S.K.: 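Starting off with a structure, shown below.
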Amino acid sequence: RWARALYPLTPPGVLCELEQHFDYRGHRASFRIDFTLPTFDGFGDWKSCAGPKWALTSDTIKTDLQANLEAYGFMTVFGRSDVPIRWLYVDKKTERAWHVDAHMTLAGTQAYLDEHALPWMRLIEKMRALHSTGATPPVTAVPHDPLACDGVGRMCAFLGACIMKQSPVQLVQLHQWAQTEDQ
């Protein structure tokens, strides 16, 4: 039923659902977008939210991980240096629909991903490698964030089980650990 509210905001003639894999600085990544222009000159995603205050704006969309990762991947795959994007929102309660447009650049998305995503990519790949060998790092080697675990095992999932002692960890500590392990 939400789709009915969003379809009128979708540009005419779009191609639906596109998924592509790409390399980001030696790390595997992928994007899955809901629609793209037939010329591959722009793309968009359908979003549901609990009201406009939860939606991204034209300014904040540029600080969104998903938007940056999808835009970077899209530009890389289709050889673009910039791309317009459209996030189509629908309010879950009222079915009110609106769109948020933004323009992303390859340089801007790369700078964002270098700072905000690359450290996590390194850490996740290290955790996957440990898990695949059956090895478990010492508790002191990989800090554990209780909020990240929260019953879904986000960081612990790469180890297969949560066996670490809970202790506070800061993002910078995870980034430092990932970088020191690379050396």
Side-chain angles (χ1 to χ4, degrees), residues 17-37 40-47 49 54-89 99-133 135 137 140-150 152-159 164 167-183:
E17 294 185 14
L18 174 66
E19 184 173 352
Q20 290 284 319
H21 300 279
F22 63 96
D23 178 81
Y24 185 76
R25 300 202 182 274
H27 300 275
R28 63 184 174 153
S30 64
F31 66 84
R32 185 192 164 284
I33 56 176
D34 291 326
F35 64 88
T36 182
L37 297 175
F40 301 104
D41 288 330
F43 71 91
D45 267 344
W46 295 315
K47 307 288 183 193
C49 65
W54 301 107
L56 295 171
T57 66
S58 294
D59 293 328
T60 61
I61 201 167
K62 294 182 180 183
T63 61
D64 180 71
L65 177 60
Q66 180 185 6
N68 276 280
L69 191 60
E70 288 181 354
Y72 178 86
F74 188 90
M75 289 184 278
T76 301
V77 168
F78 295 107
R80 306 281 190 249
S81 59
D82 63 302
V83 66
I85 63 174
R86 175 172 280 188
W87 260 216
L88 300 178
Y89 283 100
H99 64 87
V100 175
D101 293 327
H103 193 88
M104 307 290 272
T105 65
L106 189 61
T109 57
Q110 187 169 359
Y112 178 90
L113 294 174
D114 280 350
E115 182 179 350
H116 299 283
L118 191 55
W120 286 107
M121 289 176 174
R122 289 182 180 132
L123 182 62
I124 288 168
E125 285 188 2
K126 288 179 183 310
M127 299 295 266
R128 284 183 176 148
L130 285 169
H131 180 63
S132 69
T133 64
T140 57
V142 183
H144 177 64
D145 180 358
L147 294 176
C149 183
D150 195 28
V152 295
R154 291 180 195 267
M155 293 311 295
C156 305
F158 300 108
L159 295 174
M164 299 181 201
S167 61
V169 64
Q170 295 178 350
L171 181 61
V172 69
Q173 291 172 297
L174 291 173
H175 292 188
Q176 288 169 346
W177 180 77
Q179 291 171 350
T180 58
E181 291 295 312
D182 282 340
Q183 300 170 358

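Since the model is a prediction, treat every value here as computed from it, not as a measurement.
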S.K.: Passes side-chain contact (heavy atoms from CB on, under 4.5 Å), Tyr89 versus Leu56? Steps please.
M.R.: CA-CA 9 Å; Tyr89 283 100; Leu56 295 171; 3.4 Å; yes
S.K.: Determine whether Arg28 and His21 make a side-chain contact, defined as any pair of heavy atoms from C-beta on separated by less than 4.5 Å.
M.R.: no
S.K.: Heavy-atom distance under 4.5 Å between the side chains of Leu88 and Asp45, does that happen here?
M.R.: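 In short, these two side chains do not touch, never coming nearer than 4.5 Å.
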S.K.: Within a strict 4.5 Å, meaning less than it, do heavy atoms of the Phe43 and Phe31 side chains meet?
M.R.: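 No, side chains not in contact.
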S.K.: So, taking the atom named OG1 in Thr57 and the one named CD1 in Ile61, what distance separates them when rounded to the nearest 0.5 Å?
M.R.: 8.0 Å
S.K.: Does any non-hydrogen side-chain atom of Ile85 lie less than 4.5 Å from one of Asp101?
M.R.: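 Sidechains of Ile85 and Asp101: no contact.
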S.K.: Indicate the atoms forming the closest heavy-atom contact of Gly42 with Val83, along with that distance.
M.R.: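 Here Gly42 and Val83 meet closest at CA-CG2, 3.6 Å.
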S.K.: Nearest heavy-atom pair of Ala102 and Ser58: which atoms, and what distance?
M.R.: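 Taking every non-hydrogen atom into account, CB-O, 4.2 Å.
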S.K.: Distance check, rounded to the nearest 0.5 Å: Arg86 atom CZ versus Ile33 atom CD1?
M.R.: 14.0 Å
S.K.: Between Tyr112 and Leu65, is a side-chain contact (heavy atoms from CB on, under 4.5 Å) present by the stated rule, with each step listed?
M.R.: CA-CA 8 Å; Tyr112 178 90; Leu65 177 60; 4.1 Å; yes
S.K.: Looking only at side-chain N and O atoms, does Gln110 offer a donor or acceptor that is under 3.5 Å from a partner on Asn68?
M.R.: no
S.K.: Supply the atom-to-atom distance Glu70 CD to Met75 CE, rounded to the nearest 0.5 angstrom.
M.R.: 11.5 Å
S.K.: Taking the side chain as every heavy atom from C-beta outward, state whether Phe35 and Trp46 have any pair of such atoms under 4.5 Å apart.
M.R.: yes
S.K.: Could Lys62 and Asp64 be called an ion pair, given the rule that one side-chain N must be under 4.0 Å from one carboxylate O?
M.R.: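 The answer is no: the pair does not qualify as a salt bridge.
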S.K.: So, do Leu18 and Phe78 sit near enough that their side-chain heavy atoms are less than 4.5 Å apart?
M.R.: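 Leu18 vs Phe78: side chains touch.
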S.K.: To the closest 0.5 Å, what do you measure between CD (Gln20) and OG (Ser30)?
M.R.: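 The CD atom of Gln20 sits 10.0 Å away from the OG atom of Ser30.
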S.K.: Are a donor atom and an acceptor atom from the side chains of Thr63 and Thr60 found within less than 3.5 Å of each other?
M.R.: no
S.K.: Answer yes when Asp23 and Arg25 have at least one side-chain N-carboxylate O distance shorter than 4.0 Å, and no when they do not.
M.R.: no
S.K.: Given side chains that start at C-beta, do those of Phe22 and Tyr72 come closer than 4.5 Å, heavy atoms only?
M.R.: yes
S.K.: How close do Met121 and Ala29 get, heavy atom to heavy atom, and via which atoms?
M.R.: CE-CB, 4.3 Å
S.K.: I want to check something: taking the side chain as every heavy atom from C-beta on, are Met104 and Asp82 in contact at a cut-off of under 4.5 Å?
M.R.: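 No - every pair of side-chain heavy atoms lies 4.5 Å or more apart.
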